[in-house]
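Order of the sequence lines sets the chain letters (A, B, ...), proteins ahead of strands, with each chain counted from 1. Because only heavy atoms are used, hydrogens play no part in the values below, and waters and symmetry mates are left out as well, while side chains stay in.
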There are 2 protein chains.
Amino acid sequence: MNRENDLQSAAPPHATREAILAAALDAYSKFGFRGATTRRIAEAAGVNEVTIFRHFGSKDTLLGEALRSIPADELHTRLPEEPRDPAAELSAWSEDQLAHLRGKRSMIRTCMGEIEERPEMTDCAATVPRAAFAELCRYLVRLREAGMAFTDFDERVTAVTLMGALFSDAMGREMMPEIYPPTDRAAREYSGLVLRAIGADDNTRAAFADATGAPRG
Amino acid sequence: MNRENDLQSAAPPHATREAILAAALDAYSKFGFRGATTRRIAEAAGVNEVTIFRHFGSKDTLLGEALRSIPADELHTRLPEEPRDPAAELSAWSEDQLAHLRGKRSMIRTCMGEIEERPEMTDCAATVPRAAFAELCRYLVRLREAGMAFTDFDERVTAVTLMGALFSDAMGREMMPEIYPPTDRAAREYSGLVLRAIGADDNTRAAFADATGAPRG
DNA sequence: CTGAAATGCAAGTAGTTACTTGCTTACATC
DNA sequence: GATGTAAGCAAGTAACTACTTGCATTTCAG
């Protein structure tokens, strides 16, 4: 058995292994679990099919490991601790989220399609949006505490609504491009609408600027 | 050849055919194209596997026909021609949309997962939301024209945001229940937020009631 | 130089898939 | 009662699936 041996031979230590994992991820996101055949993965990785089994034992193990290796991706644009320009800040953050969702839409769609049949394999899909939700909620609370928004809005509903709009845009634009705003304006529009709903848009803030300081306080 | 013969024998004329179509749809929504094996469909339909091929010739034809047979489903709650109580009306409509999305979430998810590999098979998924979008846009315009909302909002962005929130709720709640509002309040919350963004919530309307009649006019 | 480890290649196994063929049974109308 | 049609059943085909085995080749470490 060739287990527990981290001192391989070839130039980059785990080159073959990484190539297989990458190819597996790619095949899975394109064709789903059933469509990600070991033959297809081997070809894409430029590796003999048996090498896959020698490394991972089974297709299930391989794909499980590949999917578990994702989350260590990259952390995204953070929302500032002290909000100054909500419109600009939230728009930039939304743009970033949208870019991430668009880039991973193939994988996200596949995971969604398989979540009922293989729930354990698709956990990975939840970690990023969960983190984004938490981050967004914190920012909205800070907005309120800074007197830059109404005092009585529900930050969770607000956060989930914005994220829903971004998610729907990333998933549905290819299928129904007519119903979405132009790509370059989309993030700004969604975040703008949400800010208007909580009284954190420029107009509302200006109107309340010289009053109590916080609208609806 | 047994084609072009609409005068069958058994009690309900197309009973077998319909059973196969229903089973095919069910299997597809649960397991996707590759997972919807003819054997599985035959078992679910209580029919011999060969009967499937005698009726439809091939699996592709069967699933194509099954998916094309969906849209003649049911039309949904319509938004009133003359808005009276936006909060109640939009909330009820959202509830209805949400119920529909939740009911079909398995099929929707599968279609999303297969849209890249088999785009022609998943057209069906777009017709319902397209119609809903159009209906919602029309209602929002009527709201504006009736002086029940701001005059300067973008009804398309507003519509797509609300629909995005509903879509995200229906698709994501199982995976991340913590981030969504309680099921029974969700539709009301999303529609309420959106109405606040366009000045059509009860508070804003009351504030502008005795002024020009239309906020931000 | 030697040996072990990583990989490739050829071949094979057993299960599954879509789909076919041939024959039989049941019903239903004429 | 004859005819035809829909359906079942048994069996088989060719392709593909995950996975295995045995053997040869490369490569690098000691």
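- Between A/His55 and C/dA6, a side-chain N or O to OP1/OP2 separation shorter than 4.0 Å is absent.
- Applying the 4.0 Å criterion to OP1 and OP2 of C/dC9, one finds that A/Asn48 has a side-chain N or O inside that range.
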Between protein and nucleotides 16-21 of chain D, what N or O pairs are separated by less than 3.5 Å?
unit_1, atom_1, unit_2, atom_2, d
D/dA18, OP1, A/Lys59, NZ, 2.8
D/dA18, OP2, A/Thr38, N, 3.0
D/dA18, OP2, A/Thr38, OG1, 2.9
D/dC19, OP2, A/Lys59, N, 2.6

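- Distances shorter than 4.0 Å separate none of the side-chain N or O atoms of B/Thr16 from OP1 or OP2 on D/dA6.
- Between A/Arg40 and A/Glu43, none of the side-chain N atoms (NZ, or NE/NH1/NH2) sits under 4.0 Å from a carboxylate O, so this pair counts as no salt bridge.
- Summarising the geometry, the separation between CD on B/Glu43 and C1' on D/dG8 is reported as 15 Å, rounded to the nearest angstrom.
- Residue A/Ile52 contributes atom CD1, which lies 17 Å from atom P of C/dA6 at whole-angstrom precision.
- Rounding to whole angstrom units, CD1 of residue A/Ile20 and C1' of C/dG8 are separated by 12 Å.
- The side-chain contact (heavy atoms from CB on, under 4.5 Å) test with B/Asp169 is passed by exactly one of B/Glu189, B/Arg102, B/Gln97: B/Arg102.
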In sequence, state the C-alpha distance, the side-chain angles, and the governing distance for A/Thr122 and A/Glu114, and then conclude on side chain to side chain donor-acceptor pair (under 3.5 Å).
CA-CA 8 Å; A/Thr122 55; A/Glu114 311 237 324; over 6 Å; no
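- When the salt bridge (charged side-chain N to carboxylate O under 4.0 Å, His left out) test is applied to B/Arg39, no partner is found at least two apart in sequence or on another chain.
- Residues meeting the ring pair (Phe, Tyr, Trp, His ring centres under 6.0 Å) test with B/Phe167, sequence neighbours left out: A/Phe167.
- Geometric assessment of A/Arg144 against the ring of A/Phe150 yields a negative cation-pi assignment under the 6.0 Å and 45° thresholds.
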